[in-house]
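Here is the structure we will look at, set down as structure tokens.
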Amino acid sequence: MRCAVINKYGDSNSFSIESNFPEPIPANNQVKIQVKAAGVNPLDYRIRNGELRLFIPSQFPMILGNDMAGVVTEIGKDVTRFEIGDRVFGLLDANEFPSNRGFAKPGCYAEFAVSREDTLTKIPDNVDFIAAAATPLAALNAYQALHSIVKLNSGQSLLLNGASGGVGTFAIQIAKAMGLKVTAVCSKQKIELLQSLGADDCIDYNSEQLETSDKRYDLIYDVVANQSYSKLKHLLNPDGSYISNIANASTIFSAFYHKCFSFLGARQHNYHAWVKSSGKDLGAVANLMASNEVTSVIDEVFSLEQIGTAHELIESGHTTGKLVVEL
Ligand SMILES: NC(=O)c1ccc[n+]([C@@H]2O[C@H](COP(=O)([O-])OP(=O)(O)OC[C@H]3O[C@@H](n4cnc5c(N)ncnc54)[C@H](OP(=O)(O)O)[C@@H]3O)[C@@H](O)[C@H]2O)c1
């Protein structure tokens with residue numbers, strides 16, 4: 001099959017295009033998919049450059065890519081929910097059993113990929129492969145942060161830092177579908193887009209410092225995590241929560257420390273979000289897409305040969321919505 005591989009950890013020039021790579025074989029609980037489009041996420045470049053090598057070890061040659069949309073071409077003998085020909089999407093997990101580090105190995109910068117049945121969902125009829133491939137990781141991260149990590153009611157307030165990227169553009173729409181009041185932090189040129197997605201207020205991060213704001217929120221979802229719980233906790237209501245998206249020692253330790261000392265009676269909470277591949281949660285997002293409450297914001301679409309350029313862009317940290325590779 002045709003695919004983009006890396007033979008060692010490195011920069012965005014590390015990819016080579018192979019045309020005769022062996023196709024993956026689905027296990028009993030897995031589905032084989034002909035990939036039509038693959039989403040590009042910051043996670044992909046962090047795996048590519050070796051930043052996550054201790055947490056997500058891999059063998060070379062390695063096919064990257066975690067978000068996939070395509071057509072089912074083969075099913076394992078225990079698969080019950082999908083048939084050949086179904087249009088599906090998902091955050092790939094080719095491990096036999098679910099795990100916190102079961103990201104794509106091999107991935108979906110390739111003509112074919114496999115994933116466990118429980119990680120996949122059918123693509124709604126009104127959604128094309130590009131929009132579907134842009135969705136899983138970012139939308140799941142946002143959905144799980146807003147639905148599973150904290151319990152929020154309609155009318156409560158959310159401050160979303162990093163609102164114009166992949167996770168942020170889904171988080172705004174999912175939050176609005178929950179009836180939340182959303183304040184989005186972004187650069188000035190992205191305000192109009194975020195208002196069109198439903199943001200009630202926008203803060204231009206170049207002209208207003210969050211640290212000096214006197215507003216109060218029920219939840220701060222810090223997607224870029226250039227802030228921290230200690231810097232922003234004065235913006236939380238007495239029972240408010242802070243969720244950071246970034247997997248670094250500081251945010252993980254801070255959330256862990258807060259949890260350990262919760263018996264002291266602190267009413268505010270400090271969490272770290274770690275996305276889980278889940279066909280069930282993605283099904284909930286798919287329902288929101290089917291009813292047009294959530295749509296993917298696509299920044300740019302690339303060919304497989306342009307994968308290095310897509311990685312350069314995602315690594316810049318200033319894309320708008322999502323980058324997608326069309327197979
Ligand atoms: N823990 C998890 O499970 C998990 C899951 C998904 C993502 N993540 C992490 O979450 C982060 C965001 O992911 P993503 O997919 O949304 O990334 P992305 O698509 O690259 O988006 C980054 C966005 O951040 C904005 N931004 C940059 N500097 C900012 C600042 N100072 N203040 C506010 N916004 C700023 C950029 O907008 P401008 O161009 O306007 O600056 C850009 O739109 C990444 O680091 C990713 O690795 C973690």
Side-chain angles (χ1 to χ4, degrees), residues 12 39-49 51-52 55-56 64 66-67 91 93 99-104 133-146 148-149 159-174 183-195 197 199 202-211 213 220-228 231-232 242-252 254-255 271-278 281-282 285 296-300 310-324:
S12 57
V40 178
N41 288 288
L43 174 66
D44 303 1
Y45 84 73
R46 296 203 160 107
I47 297 177
R48 188 208 70 224
N49 68 17
E51 211 177 295
L52 298 177
F55 197 68
I56 308 177
L64 301 174
N66 299 281
D67 273 347
L91 169 56
D93 185 347
S99 86
N100 272 342
R101 33 187 231 166
F103 297 109
T135 303
L137 194 152
L140 280 172
N141 186 239
Y143 182 88
Q144 290 164 355
L146 297 173
S148 311
I149 296 182
L159 177 71
L160 182 59
N161 187 33
S164 56
V167 177
T169 49
F170 281 109
I172 292 174
Q173 299 174 82
I174 292 169
T183 301
V185 183
C186 61
S187 56
K188 191 174 172 193
Q189 61 271 31
K190 310 225 171 141
I191 288 179
E192 207 173 308
L193 168 73
L194 301 196
Q195 284 171 335
L197 295 177
C202 291
I203 295 175
D204 167 11
Y205 65 73
N206 287 311
S207 60
E208 202 175 325
Q209 296 297 311
L210 287 181
E211 290 96 320
S213 168
I220 299 173
Y221 184 17
D222 189 359
V223 177
V224 278
N226 56 354
Q227 302 289 338
S228 64
K231 276 200 241 166
L232 297 186
Y242 170 88
I243 302 177
S244 167
N245 227 18
I246 305 299
N248 64 27
S250 157
T251 57
I252 293 172
S254 161
Y271 300 102
H272 175 256
W274 184 252
V275 68
K276 292 181 192 66
S277 180
S278 160
D281 289 349
L282 190 58
V285 174
S296 318
V297 175
I298 307 293
D299 188 328
E300 210 169 330
H311 266 237
E312 250 172 60
L313 268 180
I314 195 74
E315 213 163 342
S316 75
H318 293 287
T319 47
T320 305
K322 298 289 308 181
L323 306 180
V324 177

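Both ligands and their constituent atoms are indexed starting at 1 by order of listing.
- The residue among L91, I191, V224 with a heavy atom at the shortest distance from atom 26 (N) of ligand 1 is V224.
- The closest approach between a heavy atom of T320 and any atom of ligand 1 is not below 4.0 Å.
- Here is the list of ligand 1 atoms found below 4.0 Å of a heavy atom in V275: 2 (C), 3 (O).
- In terms of N/O distances under 3.5 Å, ligand 1 is approached by G165.
- Proximity to T319 (heavy-atom distance under 4.0 Å) selects the following atoms of ligand 1: 19 (O), 20 (O), 42 (C), 43 (O).
- Among the atoms of K322, none of the N or O lies under 3.5 angstrom from an N or O of ligand 1.
- Close N/O approach between G166 and ligand 1 is found [any backbone or side-chain N/O within under 3.5 Å].
- Between atom OG1 of residue T135 and atom CG of residue L91 there is a gap of 11.5 Å, rounded to the nearest 0.5 Å.
- Taking all heavy atoms of V297, I243, N245 into account, the minimum distance to atom 9 (C) of ligand 1 is reached by N245.
- Here the straight-line distance linking atom CD of E312 with atom OH of Y45 works out to 13.0 Å at 0.5 Å rounding.
- If you look at A273 next to ligand 1, the close heavy atoms, those under 4.0 Å, all belong to the backbone.
- H272 NE2 to Y242 OH: the interatomic distance, rounded to the nearest 0.5 Å, is 9.5 Å.
- For a threshold of 3.5 Å applied to N or O pairs, the pair formed by V167 and ligand 1 contains at least one separation below that value.
- Considering both main-chain and side-chain atoms, R46 comes within under 3.5 Å of ligand 1 through a nitrogen or oxygen pair.
- Residue contacts with ligand 1 for S187 involve both N, CA, C or O and side-chain atoms from C-beta outward (heavy atoms, distance under 4.0 Å).
- Between G162 and ligand 1 there is a heavy-atom distance shorter than 4.0 Å.
- Only side-chain heavy atoms of Y205 come within less than 4.0 Å of ligand 1; its backbone N, CA, C and O stay farther off.
- For the side-chain hydrogen bond (donor to acceptor under 3.5 Å, both in side chains) condition, the pairs that include at least one residue of residues 184-195, sequence neighbours left out, are K190-T320.
- Proximity of a side-chain donor or acceptor of N41 to a complementary backbone N or O of L43 within less than 3.5 Å is not detected.
- At a heavy-atom cutoff of 4.0 Å, ligand 1 is contacted by both the backbone and the side chain of V223.
- An N or O contact shorter than 3.5 Å is missing between W274 and ligand 1 by distance.
- The part of K190 lying near ligand 1 is the side chain, judged by heavy-atom distances below 4.0 Å.
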**Intermediate values then yes/no, salt bridge (charged side-chain N to carboxylate O under 4.0 Å, His left out), R48 and E315** = CA-CA 11 Å; R48 188 208 70 224; E315 213 163 342; 2.9 Å; yes
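- Residue contact annotation: G317 has a non-hydrogen atom under 4.0 Å from ligand 1.
- Not one N or O on the side chain of N141 forms a donor-acceptor pair closer than 3.5 Å with the backbone of A138.
- Contact annotation for L137 and ligand 1: only side-chain heavy atoms (C-beta onward) come within less than 4.0 Å of the ligand.
- The option with the heavy atom closest to atom 5 (C) of ligand 1, from among V185, I314, N141, is N141.
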Side-chain polar contacts of residues 159-171 - donor-acceptor pairs under 3.5 angstrom, sequence neighbours left out - could you list them?
unit_1, atom_1, unit_2, atom_2, d
N161, ND2, D222, OD1, 2.9
N161, ND2, N226, OD1, 2.9
T169, OG1, G165, O, 2.8
T169, OG1, G166, O, 3.2

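- Counting atoms of ligand 1 from 1 in the listed order, those under 4.0 Å from a heavy atom of N161 are 32 (N), 33 (C).
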